[in-house]
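Worksheet: one structure, shown below.
FYI, side chains are in, hydrogens and waters are out, and symmetry mates aren't considered; it's all heavy atoms of this structure. A note on names: the letters A, B, ... follow the listed sequences, proteins ahead of strands, and every chain is numbered from 1.
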2 protein chains.
Amino acid sequence: MTPAPDRLSPIFAALADPTRRAILAMLLEDDMAVTDVAEPFQMSLAAISKHLQVLAEAGLISREKRGRVIWCKLEPDALKAASVWMQGFGQFEPVDLDALERFLEVELAEGPEEA
Amino acid sequence: MTPAPDRLSPIFAALADPTRRAILAMLLEDDMAVTDVAEPFQMSLAAISKHLQVLAEAGLISREKRGRVIWCKLEPDALKAASVWMQGFGQFEPVDLDALERFLEVELAEGPEEA
DNA sequence: GGCTCATTCAACCTTTCGGTTGACGATTGC
DNA sequence: GCAATCGTCAACCGAAAGGTTGAATGAGCC
């Protein structure tokens, strides 16, 4: 039996890297060109390009070429699948926005300027 | 700048493996001994032991030795942290329990008896 | 004490991951 | 046309993941 392609694993794997989570947080603000995504990080453009590839294959972002610039855009629906899966474990309060803010702050503080 | 230990990455990394997600789903039903956790899978006991190690280091489960048996227990609070992080991307409807059930079914169907 | 069962440890292997560098194809601007 | 810019590709590297097997540890049973 063709065992139902595993869409969840690539999503979680993509989220497992702090650089990629930082990229997602940046894209939350606005669509960005690849070069601009790479700018805050200390690694090479090629490395960022690979990270974007991973995110795109997980369905977390999409990339659209306009002229010679490729624009990256957040695709939140993929995260929805993972989020729904996780809701099964423990009956959390639906959404705790204060906690979210704290986590995002920590992520953004440690993300771009620190490996 | 002490770069704030990254608690999120190990959690997502742990969730990125379908075997480990299947284990979590099993533990959702009840606490289990290591041997019993391993039973439905086709891999060696040592491999399962390593998976449990990964889950424990991510904080997703705890292990308690009683007699010569080690009991594994789900620790949903770790998932809460990750869940909260994810809520920031896209304003999903709080919780879609029907969708959750569908996902869990797919996971359980493809998980234990298929690599 | 000695056997058995539950679990981990240790060593090993292969594949994937995350990064580098340098060359390359497109696209734009002068 | 030519040069600079945007982004990816290809080859390479070291480290980590995910699995195996076999030996070791520890608790319980008789």
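For B/Ala46, the side-chain atoms get nearest to C/dT8 when compared with the rest of C/dA6, C/dT27, C/dT8.
Between A/Ser44 and C/dG19 there is no side-chain polar atom (N or O) within less than 4.0 angstrom of OP1 or OP2. An OP1 or OP2 oxygen of C/dT27 is reached within less than 4.0 angstrom by no side-chain nitrogen or oxygen of A/Arg66.
Chain A approaches DNA chain D over the interval D/dA4 to D/dA11, counting the first and last nucleotide 5' to 3' with an atom under 4.0 Å from its heavy atoms.
Following rounding to the nearest Å, A/Asp17 (CG) and C/dC17 (C1') show an atom-to-atom distance of 9 Å. For the pair B/Lys50 NZ and C/dT14 C1', the interatomic distance rounds to 12 Å; values are reported in whole Å. With rounding to whole Å, A/His51 atom NE2 is found 12 Å from C/dT20 atom C1'. The interatomic distance linking B/Trp71 (CH2) with C/dA6 (C1') rounds to 12 Å, in whole Å. The CZ atom of A/Phe41 sits 12 Å away from the P atom of C/dT20 (whole-angstrom rounding). With rounding to whole Å, B/Leu45 atom CG is found 9 Å from C/dA6 atom P. Between B/Glu39 atom CD and C/dC5 atom C1' there is a gap of 16 Å when expressed in whole angstrom units. In this entry the distance linking CE of B/Met32 with P of C/dA6 reads 13 Å, nearest Å.
If you find the closest nucleotide of DNA chain C to A/Val54 and to B/Arg63, the one lying nearer the 5' end belongs to B/Arg63. Of the residues near DNA chain C, B/Val69 and A/Arg20, the one whose nearest nucleotide (by heavy atom distance) lies more toward the 5' end is B/Val69. In terms of position along DNA chain D, the nucleotide closest to A/Ile48 lies nearer the 5' end than the nucleotide closest to the other residue of the pair B/Lys65 and A/Ile48.
Contact check on A/Asp30 versus A/Lys73 returns no salt bridge, with no Lys/Arg side-chain nitrogen under 4.0 Å from an Asp/Glu carboxylate oxygen. Salt bridge B/Arg66/B/Asp31: absent, no basic N to carboxylate O contact under 4.0 Å.
Although no hydrogens or angles enter the test, the distance criterion places no donor-acceptor pair under 3.5 Å between the side chain of B/Arg63 and the main chain of B/Ala33.
To the nearest 0.5 Å, the span separating OG on B/Ser62 from CD1 on B/Ile70 amounts to 11.5 Å.
Scanning all heavy atoms of the two residues, the minimum distance from A/Thr35 to A/Leu45 falls at CA-CD1, 4.2 Å.
The residue from A/Ile11, A/Leu74, A/Ile23, A/Leu27 that alone fulfils the side-chain contact (heavy atoms from CB on, under 4.5 Å) condition with A/Leu55 is A/Ile23.
The hydrophobic cluster containing A/Phe41 also contains A/Leu24, counting ILVMFWY residues as joined when their side-chain heavy atoms lie under 4.5 angstrom apart, directly or transitively.
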